[in-house]
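Notes to accompany the following structure.
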Amino acid sequence: MNKVKCILPLLSLLLPGLLSSCLKDSGSFGDETEEAQIVLSALTRGGTDDPDDPDGRIGNFRVMIFRAGGALAYNHTFDLSAENPFTITIMTGVYDFAFVGNEDSDTELRSGKTLTQILDGFGGRTIDDIYGIHFSSSAFRNDLMIPRTGIYRGVTVNADNTVTLAGKSTAEPNPWSAGVERLGIRVDLTLRAVSQTDALNFSALKITHIPDKVWFFAADGSGTPVYNDGSYESASPVPPYRTFAADSGDEYEVVSGVEYFTAAGYPVSFEEDSANPGTYLWHKRLILPSSTFTPAADESKAIVFQAVVNGRPCQGTLGTGLLGYNASRNHRYRLTGELKADQPIAFTVDVTNWSADNRIPLPWLAP
């Protein structure tokens, strides 16, 4: 009985320490001293997050928090349709934050795992490891929410529930607007046929030289925040192809290893231009992965648009020799090209930031 009496006081001394140790192991943020509740709001740079705007939709939003220069300490995905802003409980200290939006648009397998499975299993890895993660090309489609990422290194979480970004002396407003950027590009494409014959005989649009992946962030790991414009894979510069049959309903068929694509029998989608009778227009809003390479003036690596008219191709590239042929993330490209069978498409290119202030009404937003 005396032994029991001795053990009980001893347990009462040890138990708080044991519980504290368990809590640190399961949700540890290090040796920080105070608890803070940070309110975040996801914000896309260069536009609003209006759920009625297909360019602005964010469905899920992953928050990954790493100890400054260390391992992952927090990893959770929020459903922004249910809560935005949202709250994170965290200990005060200095951290690196990484944000990933719309990861479920990517269903490609990497070594048998989806992107979500890879990110869910990120425990024990560091902030530097995330620079090696990418979105697959197939995640960038008109009918999917556009992938987004953002990264902030050296963020101080303060006891007053605010955060101070690296290099700044004042705290961010509460809630903190967690800035992310779209990793894709939007192309507002207009094809102009100068005769009804060419309009009636237009059958398909083929897009090639689409990179097979877009990296989350820049590889050097420097800067706050850090963004990267994607990648050009020299081993596979051409596939996948994308074919857009005129009003066929099968707008996103990915065709690998096919040299040419032709299609016939689809309904005509050109409409006569009321401002220029005898001229016919076809509009498409396209979401594609960003594509950057060096040197930017290398047209052989540019994204290529090929239209089929009268069974014969005519094509043009995204970009210009003056501005280069990179397709930088989070930018909009307005392309207008004239169709003539067996002739190059001379595109007029207008590059702008992706801003809600520059939104073009229908038919641009039509799928």
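In this chain, residues are counted from 1 in sequence order. Please read these numbers as outputs of a predicted model, since none were measured by experiment.
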When you look at Ile133 and Val100, which way does the side-chain contact (heavy atoms from CB on, under 4.5 Å) test go after all the steps? CA-CA 11 Å; Ile133 307 300; Val100 183; over 6 Å; no
Yes or no on side-chain contact (heavy atoms from CB on, under 4.5 Å) for Leu318 and Ile185, after CA distance, side-chain angles and deciding distance? CA-CA 11 Å; Leu318 176 62; Ile185 63 170; 3.7 Å; yes
Please report the C-alpha distance between Asn60 and Asp79 in whole Å, then the side-chain angles of each, then the deciding distance to 0.1 Å, and finally whether the side-chain contact (heavy atoms from CB on, under 4.5 Å) criterion is met. CA-CA 5 Å; Asn60 55 65; Asp79 179 3; 5.9 Å; no
Derivation and outcome, side-chain contact (heavy atoms from CB on, under 4.5 Å), residues Leu40 and Phe61: CA-CA 11 Å; Leu40 294 93; Phe61 193 80; 5.6 Å; no
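Judged purely by atom type and a 3.5 angstrom limit, Asn142 uses its side chain to pair as donor or acceptor with the backbone of Ile287. Of the possible donor and acceptor atoms, one in the side chain of Asn75 sits under 3.5 Å from a partner among the backbone N and O of Leu119. Remark: the backbone N or O of Gly59 is not paired with any side-chain donor or acceptor of Ser81 at under 3.5 angstrom. Checked by atom type and distance alone, the side chain of Arg57 never pairs as donor or acceptor with a backbone atom of Asn102 at under 3.5 Å. Tyr152 places no side-chain N or O within donor-acceptor distance of the main-chain N or O of Ala178, the cut-off being under 3.5 Å. The main-chain N or O of Ala42 is found under 3.5 Å from a side-chain atom of Asn84 such that the two form a donor-acceptor pair. At distances below 3.5 Å, at least one donor-acceptor pair connects side-chain atoms of Arg148 with backbone N or O atoms of Ile146. Listed for the Asp96 side chain is a donor-acceptor partner under 3.5 Å among the backbone atoms of Gly154.
Closest of all the heavy-atom pairs between Pro85 and Val39 is CB-CG1, 3.7 Å. Taking both residues in full, the closest heavy atoms of Pro289 and Ser137 are given as CG-OG, 3.7 Å, listed atom of the first, atom of the second, then distance. Looking at every heavy atom in both residues, Tyr95 comes nearest to Ile90 through CE1-CD1, 3.5 Å. Taking all atoms of both residues into account, the shortest heavy-atom contact from Thr190 to His283 is OG1-ND1, 3.2 Å. Minimum heavy-atom separation, Ala98 to Ile130: CB-CD1, 3.9 Å. Here the shortest heavy-atom pairing between Thr149 and Phe216 reads OG1-O, 3.1 Å.
Between Arg192 and Asp198 no salt bridge is recorded (no basic side-chain N to carboxylate O distance below 4.0 Å).
To the nearest 0.5 Å, atom CD1 of residue Ile345 and atom OG1 of residue Thr336 are 11.5 Å apart. Remark: Tyr333 OH to Leu189 CG distance equals 14.5 Å, nearest 0.5 Å. Between the CG atom of Asp129 and the CG atom of Leu72 there is a distance of 10.0 Å, given to the nearest 0.5 Å. Distance check: Asn161 CG to Thr92 OG1 gives 10.5 Å after rounding to the nearest 0.5 Å. Here the CZ-CG distance, from Phe99 to Leu43, works out to 11.0 Å after rounding to the nearest 0.5 Å. Taken to the nearest 0.5 Å, the OG1 atom of Thr164 stands 4.0 Å off from the CG atom of Asn158.
Looking only at side-chain heavy atoms (C-beta outward), His134 and Val214 stay at 4.5 Å or farther from each other. For the pair Leu109/Thr114, a side-chain contact is recorded, criterion being any heavy-atom separation below 4.5 Å from C-beta on. The shortest side-chain heavy-atom distance between Ile151 and Ile127 falls under the 4.5 Å cut-off. At a threshold of 4.5 Å between non-hydrogen side-chain atoms, the residues Glu35 and Thr89 count as touching.
Counted by atom type alone, Asp160 and Thr162 present one or more donor-acceptor pairs between their side chains at under 3.5 Å.
Evaluation of the ring pair (Phe, Tyr, Trp, His ring centres under 6.0 Å) rule for Phe66 yields no partner, not counting sequence neighbours. Considering only residues two or more places apart in sequence or on other chains, Tyr280 meets the ring pair (Phe, Tyr, Trp, His ring centres under 6.0 Å) condition with none of them. Residues meeting the salt bridge (Lys or Arg N to Asp or Glu O under 4.0 Å) test with Arg62, sequence neighbours left out: Glu103, Asp120. Every residue was checked against the salt bridge (Lys or Arg N to Asp or Glu O under 4.0 Å) condition with Asp104, not counting sequence neighbours, and none meets it. Partners of Phe78 according to the ring pair (Phe, Tyr, Trp, His ring centres under 6.0 Å) rule, which considers only residues two or more places apart in sequence or in another chain, are His76, Phe86. Not counting sequence neighbours, the partners of Arg110 by the side-chain hydrogen bond (donor to acceptor under 3.5 Å, both in side chains) test are Asp106, Ser136.
One hydrophobic cluster, built from ILVMFWY side chains closer than 4.5 Å, cannot hold both Val304 and Leu288; they sit in different ones. Residues Val187 and Leu339 fall within the same hydrophobic cluster, defined by Ile, Leu, Val, Met, Phe, Trp and Tyr side chains chained together at heavy-atom separations under 4.5 Å. Leu144 and Phe135 are not part of a single hydrophobic cluster, where members link through side-chain heavy atoms under 4.5 Å apart.
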